[in-house]
There are 2 protein chains.
Amino acid sequence: MIDQGISKQTLQRLPFYLGYLKTLDKVTVETVSATTIAEALNLNQVQVRKDLASVCSLGRPKIGYVTQELICEIEHFLGYDNAESAVIIGAGKLGKALLGYRGFEEYGLNIVAAFDADENVVGTEENGKKIFPMSKLKNLCERMKIHIGIITVPAEYAQRVCDSLVESGILAIWNFAPVHLTVPEHILVQNENMASSLAVLSKHLSQKFSEEAQKIG
Amino acid sequence: MIDQGISKQTLQRLPFYLGYLKTLDKVTVETVSATTIAEALNLNQVQVRKDLASVCSLGRPKIGYVTQELICEIEHFLGYDNAESAVIIGAGKLGKALLGYRGFEEYGLNIVAAFDADENVVGTEENGKKIFPMSKLKNLCERMKIHIGIITVPAEYAQRVCDSLVESGILAIWNFAPVHLTVPEHILVQNENMASSLAVLSKHLSQKFSEEAQKIG
DNA sequence: CGTATATCGATATATCTTTATCGATATAAT
DNA sequence: ATTATATCGATAAAGATATATCGATATACG
Ligand SMILES: NC(=O)c1ccc[n+]([C@@H]2O[C@H](COP(=O)([O-])OP(=O)(O)OC[C@H]3O[C@@H](n4cnc5c(N)ncnc54)[C@H](O)[C@@H]3O)[C@@H](O)[C@H]2O)c1
Ligand SMILES: NC(=O)c1ccc[n+]([C@@H]2O[C@H](COP(=O)([O-])OP(=O)(O)OC[C@H]3O[C@@H](n4cnc5c(N)ncnc54)[C@H](O)[C@@H]3O)[C@@H](O)[C@H]2O)c1
């Protein structure tokens, strides 16, 4: 593998490249240049070249990269060809939406089951995936060698659930609850914090409006 | 306002500070230091101080910040006291989960309605919020002065929907579809790209495993 | 064949972000 | 009153990320 020390920003851009490449007609667009990708995604062309360099074999001057090869290499780098299994904790509105989403399989994530504390939810299914009681969590994770846990319980229970996941041998946590989770050093928490996204949106608007006001006033 | 040129990273951390501050008992914890916050959220204390400096009035040596004041100032800075209205396009699994989520009100976001192309969905409600046909989008956005659009349609329709939103006077877009959207310069797109999050999780795991393998082999 | 051009990779520069250091100050303890 | 300590803000240093520049190279075309 060529990885070793790829930057987080680069890593997060790779799925965008992949998405774009997949929209191309593989028959007519046999090769693609960093310039083209950069223009389509509104990025700097040098950045695209650097990002690709950390993932793929060589591009050729005047030609660019072979589209199909590039797709394969990015997919391989991101582990899409080697799916990881995950469990969801909290089969509420959001948890069920995630459980029912087919897209994750394409990204190398296989959600195998959900767990919930609510007896009324336990025993039901969503998208063919069973919802188990919390008491079964540890056993199932260990037995199925599951390393990713997805937290979609209310914020006040998230730390407790997080601890159970760590206890069950989970190594990476995808946290949708709007709280900071405290974990041992070797565990990774990736927050999908919507409040952070909202902060960006809302600041953009308030700045826009204060600019307007200044122009007028 | 003290804003003007706050970094995106800082902006995204503010909700974390706020969340932490709100867990504190306002009676017993009248003041709080950057050191304490940093420890609780696993951040560098200088970073916390710098972040707070761009939002709030002075902290006092040996004392820290007045908890209640800090909460108010961050909330004000993030515009939580001055809610923005938004619409959702695509009332599918994810769209409905977002529609049904109460938490957004707390973050100064008021989702007023959803729109969908599917006749079977149009006319129904979710959490007391109506789902309208796409034909009503422009009129409603203009009439209600809505500036935020949330995209939860399948990826292949996202660009088209995005164009309609821009056409309807939207200034900021929160995009949940896994594609890059092309917009005029003055419009902000904030991607909630789950594939990017997954890339980070998955790389963490594969690195972990290759380290293990190296130790053993 | 020679020249123009698109594109690459590498290296250098600029910008943004985080972390470290230091003097100042408010409180508490001696 | 003096000293110790927690904390602040400001500034400096380090680290990460993005952008600009430049020589090299593969193709196309005259
Ligand atoms: N719904 C959304 O659109 C949305 C958006 C952003 C963030 N979130 C966050 O995602 C989380 C879930 O939101 P939701 O709207 O799905 O809530 P929800 O109330 O619909 O679902 C929560 C589920 O978690 C279960 N649960 C509660 N405590 C548990 C525990 N200790 N162990 C196991 N299961 C437990 C409940 O039984 C319920 O089924 C919340 O933290 C919320 O802030 C949700
Ligand atoms: N469900 C998830 O958990 C999840 C997770 C990550 C990303 N996403 C992304 O969010 C988006 C929605 O996912 P979903 O699972 O809710 O899908 P879904 O199929 O359940 O819902 C999509 C909705 O959009 C509507 N729609 C389709 N084309 C439209 C158009 N042109 N104009 C207006 N409405 C239109 C459909 O009628 C449907 O109601 C997708 O892009 C998906 O990739 C979903």
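Per chain, numbering begins at 1; letters A, B, ... match sequence-line order.
A side-chain donor from one of A:S57 and A:E73 sits under 3.5 Å from a side-chain acceptor of the other.
With a 6.0 Å radius and a threshold of 12 heavy atoms from other residues, nucleotides or ligands, A:E30 has its CD atom at or below the threshold.
In this structure, A:T67 contributes its side chain and A:V29 its backbone to a donor-acceptor pair below 3.5 Å.
B:L11 places its CG atom 16 Å from the P atom of C:dC16, with the value rounded to the nearest Å. Whole-Å rounding puts the B:K50 NZ to C:dC16 P distance at 12 Å. Atom CZ of B:R13 and atom C1' of C:dT17 are 8 Å apart (whole Å). A:K8 places its NZ atom 10 Å from the P atom of D:dT17, with the value rounded to the nearest Å. In this structure, the CD atom of B:Q47 is 13 Å from the C1' atom of D:dA16, given to the nearest Å. In this structure, CG of A:L43 is placed 13 Å from P of D:dA20, rounded to the nearest angstrom. For the pair A:Q12 CD and D:dA18 P, the interatomic distance rounds to 10 Å; values are reported in whole Å. Nucleotide D:dA6 holds its C1' atom 10 Å from the CD atom of B:Q45, rounded to whole Å.
Results of the side chain to side chain contact (heavy atoms under 4.5 Å, CB included) test with A:S168 over A:I146, A:L137, A:L140 single out A:L137 as the only residue that passes.
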Could you list the donor-acceptor pairs under 3.5 angstrom formed between side-chain atoms of residues 13-20 of chain A and any protein atom two or more places apart in sequence or on another chain?
residue	atom	partner	partner atom	Å
A:R13	NE	A:D51	OD2	2.7
A:R13	NH2	A:D51	OD1	3.3
A:R13	NH2	A:D51	OD2	3.4
A:Y17	OH	A:D51	OD2	2.5

Between side-chain atoms of residues 85-108 of chain B and protein atoms elsewhere (two or more places apart, or another chain), which donor-acceptor pairs fall under 3.5 Å?
residue	atom	partner	partner atom	Å
B:R102	NE	B:N127	OD1	3.1
B:R102	NH2	B:N127	OD1	2.6

Go along nucleotides 21-28 of chain C 5' to 3' and tag each nucleotide: B for a protein heavy atom under 4.0 Å from its base, S when only backbone or sugar atoms are that close, - otherwise. B---BBB-

